[in-house]
Novice: 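Can you keep this structure in mind? I'll have questions shortly.
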Amino acid sequence: MAFYENEVGTLIDEAKVQARVRDLGAEITRDYRGKDLTLVCVLKGSTVFAMDLARAIDLPLTMEFLGVSSYQGGTETTGEVRITTDVSTPMAGKHVLVIEDIIDTGLTMSFLLENLRARHPASVKVASLLEKPSRARAKVAIDYKGFVIDDVFVVGYGLDYAEKYRNLPFIGVMKGK
C-alpha cells in the first residue's frame, strides 16, 4: 500500500497531467519562438510543474525562482501576500512567463503581476497548472492553463498540505479536508 492511499484520492491522474504539460509546452514553443523567454517559477508549489514544462518547451530559455506566501501552513489563504525569495536577475526587456501551480483567489498572482510589470519586462504572461474559478476574488488572465477544478483542496505534483504530498505524480484530493 502506498503511503498516501488512506489520505489522498486521485483527481487528475499522472498520464493526463503529463499529456497536458506536453501540450502546453508545444503551445509555448510556438508562441515564444525567437523571443528571449524567462520562466519565473513560483516557489514552492510550481517547481514540479515548472521543471516538466521547461523540458516540454523546445526553445532556449532561462529560469528564475520567486518565493511568495499567502497560506502560512493552512488550507485557506490569509489574503496577505509576501515575497519570500526574489528573482536573481533583472526582468527588463525579457519575455516573462510566470509558472504557478494553482490560481484560486487570484490575489497572489495579481500581486506578482503588478510587481513584475514594475520591472519593465517586454511581456508578462501566466501559465498555471490549475485554476479554481469558484474562489476568484481578483481577475487574472491565465494564458496557458492546465486544468479547471472545483473548490477542493488538492495536493500532489508540487502542491502540498503542511509541506507534504508534493512528490505525488498526480493531482489528488485530501480526504476529510
Novice: What's the spacing between F170 CZ and T10 OG1 if we round to 0.5 Å?
Specialist: 4.0 Å

Novice: To check you understand the geometry: which heavy-atom pair defines the closest contact between L66 and I83, and what is its length?
Specialist: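 For L66 and I83, the tightest heavy-atom pair comes out as CD1-CG2, 4.2 Å.
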
Novice: For side-chain contact (heavy atoms from CB on, under 4.5 Å), just list the numbers for I103 and L130, CA-CA rounded to whole Å, side-chain angles, deciding distance to a tenth of an Å, and then say yes or no.
Specialist: CA-CA 6 Å; I103 296 177; L130 302 172; over 6 Å; no

Novice: Looking only at heavy atoms, what is the nearest atom pair of S46 and I99, with distance?
Specialist: OG-O, 3.0 Å

Novice: Look at the side chain of D150 and the backbone N and O of V152, then say whether any donor-acceptor pair between them is shorter than 3.5 Å.
Specialist: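 Checked: no pair found.
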
Novice: Pair Y165, E7 - check side-chain hydrogen bond (donor to acceptor under 3.5 Å, both in side chains), show working.
Specialist: CA-CA 10 Å; Y165 305 104; E7 300 158 357; 2.3 Å; yes

Novice: Considering residues at least two apart in sequence or located in another chain, which fulfil the side chain to side chain donor-acceptor pair (under 3.5 Å) criterion with R166?
Specialist: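 R166 satisfies side chain to side chain donor-acceptor pair (under 3.5 Å) with D160, E163 only.
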
Novice: So, taking the atom named CG in L159 and the one named CE in M174, what distance separates them when rounded to the nearest 0.5 Å?
Specialist: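 Taking CG in L159 and CE in M174, the distance rounds to 12.0 Å.
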
Novice: Counting neighbours of NZ on K44 that are heavy atoms of other residues, nucleotides or ligands and sit closer than 6.0 Å, is the number greater than 12?
Specialist: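 Open.
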
Novice: Hey, could you give me the CD1/CZ distance between I102 and F147, rounded to the nearest 0.5 Å?
Specialist: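 Separation between the atoms: 12.5 Å.
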
Novice: From I28 CD1 over to I57 CD1, what is the distance, rounded to the nearest 0.5 angstrom?
Specialist: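 If I round to the nearest 0.5 Å, the distance is 4.5 Å.
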
Novice: Holding to side chain to side chain donor-acceptor pair (under 3.5 Å), I want the full list of residues that pass it with T38, two or more places apart in sequence or in another chain.
Specialist: T62

Novice: So which atom in L129 and which in F49 form the shortest heavy-atom distance, rounded to 0.1 Å?
Specialist: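 Nearest heavy atoms, L129 then F49: N-CE2, 3.4 Å.
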
Novice: Looking at CD of E14 and CD1 of I171, how far apart are the two atoms once the value is rounded to the nearest 0.5 Å?
Specialist: 10.5 Å

Novice: Counting N and O atoms only, with roles assigned by atom type, does the side chain of K94 sit under 3.5 Å from a partner on the main chain of D36, one being a donor and the other an acceptor?
Specialist: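 Not confirmed, K94 side chain does not pair with D36 backbone.
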
Novice: Could you pull out the closest heavy-atom pair between A54 and L61, with the gap in Å?
Specialist: O-CD2, 4.4 Å

Novice: Any side-chain hydrogen bond (donor to acceptor under 3.5 Å, both in side chains) involving residues 22-32? Give me the pairs, sequence neighbours left out, ordered by first then second residue.
Specialist: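 The answer is D31-Y144.
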
Novice: Partners of E131 by side chain to side chain donor-acceptor pair (under 3.5 Å), sequence neighbours excluded?
Specialist: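 Scan of E131 (side chain to side chain donor-acceptor pair (under 3.5 Å), adjacent residues dropped) gives K145.
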
Novice: Would you say V126 and L97 make side-chain contact, with heavy atoms under 4.5 Å?
Specialist: no

Novice: Under a 3.5 Å distance rule, please check whether K175 uses its side chain to pair with a backbone N or O of E5 as donor and acceptor.
Specialist: yes

Novice: Could you check V42 against T47 for side-chain contact (heavy atoms from CB on, under 4.5 Å), going step by step and ending with a plain yes or no?
Specialist: CA-CA 7 Å; V42 180; T47 54; over 6 Å; no

Novice: Among D52, D101, I12, which one satisfies side-chain contact (heavy atoms from CB on, under 4.5 Å) with Y157?
Specialist: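 Per the side-chain contact (heavy atoms from CB on, under 4.5 Å) rule, the option paired with Y157 is D52, out of D52, D101, I12.
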
Novice: Let me check something: do F153 and V148 share a hydrophobic cluster, defined by ILVMFWY side-chain heavy atoms less than 4.5 Å apart, either directly or through other members?
Specialist: no

Novice: Tell me if a side-chain donor or acceptor on T105 pairs with a main-chain N or O of R135 at a distance below 3.5 Å.
Specialist: no

Novice: Measuring only between side-chain heavy atoms, which start at C-beta, is V40 closer than 4.5 Å to M91?
Specialist: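 Heavy-atom side-chain distance check passes, below 4.5 Å.
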
Novice: Could you give the side-chain donor-acceptor pairs of residues 111-125 under 3.5 Å, partners two or more places apart or in another chain?
Specialist:
{"residue": "N115", "atom": "OD1", "partner": "R119", "partner atom": "NE", "Å": "2.9"}
{"residue": "N115", "atom": "OD1", "partner": "R119", "partner atom": "NH2", "Å": "2.7"}
{"residue": "R119", "atom": "NH1", "partner": "D86", "partner atom": "OD1", "Å": "3.1"}
{"residue": "R119", "atom": "NH2", "partner": "D86", "partner atom": "OD1", "Å": "3.0"}
{"residue": "R119", "atom": "NH2", "partner": "D86", "partner atom": "OD2", "Å": "3.2"}
{"residue": "H120", "atom": "NE2", "partner": "A118", "partner atom": "O", "Å": "3.4"}
{"residue": "S123", "atom": "OG", "partner": "H95", "partner atom": "ND1", "Å": "2.8"}

Novice: Does the E64 side chain pair with the main chain of C41, one donor and one acceptor, at a distance under 3.5 Å?
Specialist: no

Novice: What distance do D104 atom CG and M109 atom CE have between them, rounded to the nearest 0.5 Å?
Specialist: 10.5 Å

Novice: According to side chain to side chain donor-acceptor pair (under 3.5 Å), who are the partners of S110, at least two apart in sequence or on a separate chain?
Specialist: none

